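Below is one structure; the comments refer to it alone.
So that the names make sense, note that chain A is the first sequence line, chain B the second, and so on, each numbered from 1. The model shown is predicted, which means the values in this text are computed figures rather than measured ones.
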Amino acid sequence: MRLDNMLIAEGVAGPEKGGGVGAAANASAAAGAGDSAIEHSDYRAKLGQIRQIYHQELEKYEQACNEFTTHVMNLLREQSRTRPITPKEIERMVQIIHKKFSSIQMQLKQSTCEAVMILRSRFLDARRRRRNFSKQASEILNEYFYSNLSNPYPSEEEKEALARRCSITVNQVSNWFGNKRIRYKKNIGKAQEEANLYAAKKAAGEGASPYSMSGTPGPMMSPPPGDESSMGGYGMPGMNGSGYSGALGYDLHPESPDV
DNA sequence: GGAAATGATTTGGG
DNA sequence: CCCAAATCATTTCC
């Protein structure tokens, strides 16, 4: 019913996917804006584990059910010597057994669903895998922010430029400015120091080049001496060993973290 | 270990 | 869409 559909939708039940668990070796980290590729393979690996356990258990139940059924059949056959037993009665017995076992399977399915839900919330919520930006990125963003304090709203192009220089996404730049604005406003008194600090830094670093905001937002501004915007992001997230323990003995042992 | 800092998301308004 | 504000979850610093 619902649970089945959900499990199929999540890829736990249903058609077997290719090589199964160990077939998530995706080593193509697109240079551009590829941000949701690596986390996905990790997610799938864990999902594969869940699927494996699920099928294992399912099979076990199936087997147990069959064994129990034949056992009961034997008992009935034995009894048939002392009293007449109709085929209908046997069939009813079998049905009762199957019903019982299917309810047990239901439990398995439900706890599997729960496990998937937990997994989803663990991996799909980016808040849980937050990483601080690099020092340089913060520098760049702060520079812009305090240089344009009167209007700290970078246009789309400016955001893109900042994103490139910081090796982060445009969305992250937007987030950063959203956070920065609100948090700057919250305590202006204290942040003022920071403003001065960055203003001074600016003046010292650039000498006579007031690219504040009046003129064109030239995309060719020369960065300060210590630029180096390559540096390939900020490394792979360590992915602390979550080890969620589901209701029914699901336990994803902390796997070796590498791609 | 707890507080502060910080990045990301949700909510609500335009 | 973008933004502000509130909130969440994690990292960093003490």
Subject >> Base-pair map of DNA chain C as dot-bracket, where | denotes pairing with a different strand and pairs are Watson-Crick or G-U under 3.5 Å >> reply: ||||||||||||||

Taking distance alone, no hydrogens or angles, what donor-acceptor pairs closer than 3.5 Å link side-chain atoms of residues 74-81 of chain A to residues at least two apart or in another chain?
{"unit_1": "A/Asn74", "atom_1": "ND2", "unit_2": "A/Thr70", "atom_2": "O", "d": "3.4"}
{"unit_1": "A/Gln79", "atom_1": "OE1", "unit_2": "A/Arg83", "atom_2": "NH2", "d": "3.1"}
{"unit_1": "A/Ser80", "atom_1": "OG", "unit_2": "A/Arg77", "atom_2": "O", "d": "2.5"}

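A heavy-atom distance below 4.5 Å is not found between the side chains of A/Lys99 and A/Gln95. Residues A/Met73 and A/Met93 fail the side-chain proximity criterion, which asks for heavy atoms closer than 4.5 Å.
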Original post:
Going through the checks in order, is the side-chain contact (heavy atoms from CB on, under 4.5 Å) test met by A/Leu149 and A/Tyr146?
Top reply: CA-CA 5 Å; A/Leu149 247 190; A/Tyr146 288 115; 4.0 Å; yes

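Between the side chains of A/Ser111 and A/Glu114, no donor-acceptor pair is found at a separation under 3.5 Å.
A sub-4.0 Å separation between OP1 or OP2 of B/dG7 and a side-chain N or O of A/Gln172 is absent.
Atom CZ of A/Phe133 is separated from atom P of C/dT11 by 14 Å (rounded to the nearest Å). Per the geometry, CZ belonging to A/Arg130 stands 16 Å off P belonging to B/dA4, to the nearest Å.
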Heteroatom pairs (N/O) under 3.5 angstrom, protein to nucleotides 2-6 of chain C:
{"unit_1": "C/dC3", "atom_1": "OP2", "unit_2": "A/Lys159", "atom_2": "NZ", "d": "3.3"}
{"unit_1": "C/dA4", "atom_1": "OP1", "unit_2": "A/Tyr153", "atom_2": "OH", "d": "2.2"}
{"unit_1": "C/dA4", "atom_1": "OP2", "unit_2": "A/Arg181", "atom_2": "NE", "d": "2.6"}
{"unit_1": "C/dA4", "atom_1": "OP2", "unit_2": "A/Arg181", "atom_2": "NH2", "d": "3.0"}
{"unit_1": "C/dA5", "atom_1": "OP1", "unit_2": "A/Lys185", "atom_2": "NZ", "d": "3.4"}
{"unit_1": "C/dA5", "atom_1": "OP2", "unit_2": "A/Lys185", "atom_2": "NZ", "d": "2.8"}

Using a cutoff of under 3.5 Å, can you pull out all pairs of nitrogen or oxygen atoms linking the protein to nucleotides 12-14 of chain C, with atom names and distances?
none

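Taking the side chain to side chain contact (heavy atoms under 4.5 Å, CB included) definition, one finds that A/Ser102 meets it with nothing, sequence neighbours left out. Take A/Cys65 and apply the side chain to side chain contact (heavy atoms under 4.5 Å, CB included) test, not counting sequence neighbours, and it matches A/Thr69, A/Ile97, A/His98, A/Phe101. Residues satisfying the side chain to side chain donor-acceptor pair (under 3.5 Å) criterion with A/Arg181, sequence neighbours excluded, are absent altogether. For the side chain to side chain donor-acceptor pair (under 3.5 Å) test, residues two or more places apart in sequence or in another chain that qualify with A/Lys60 are A/Glu57. In this structure, the ring pair (Phe, Tyr, Trp, His ring centres under 6.0 Å) partners of A/Phe177, at least two apart in sequence or on a different chain, are A/Tyr144.
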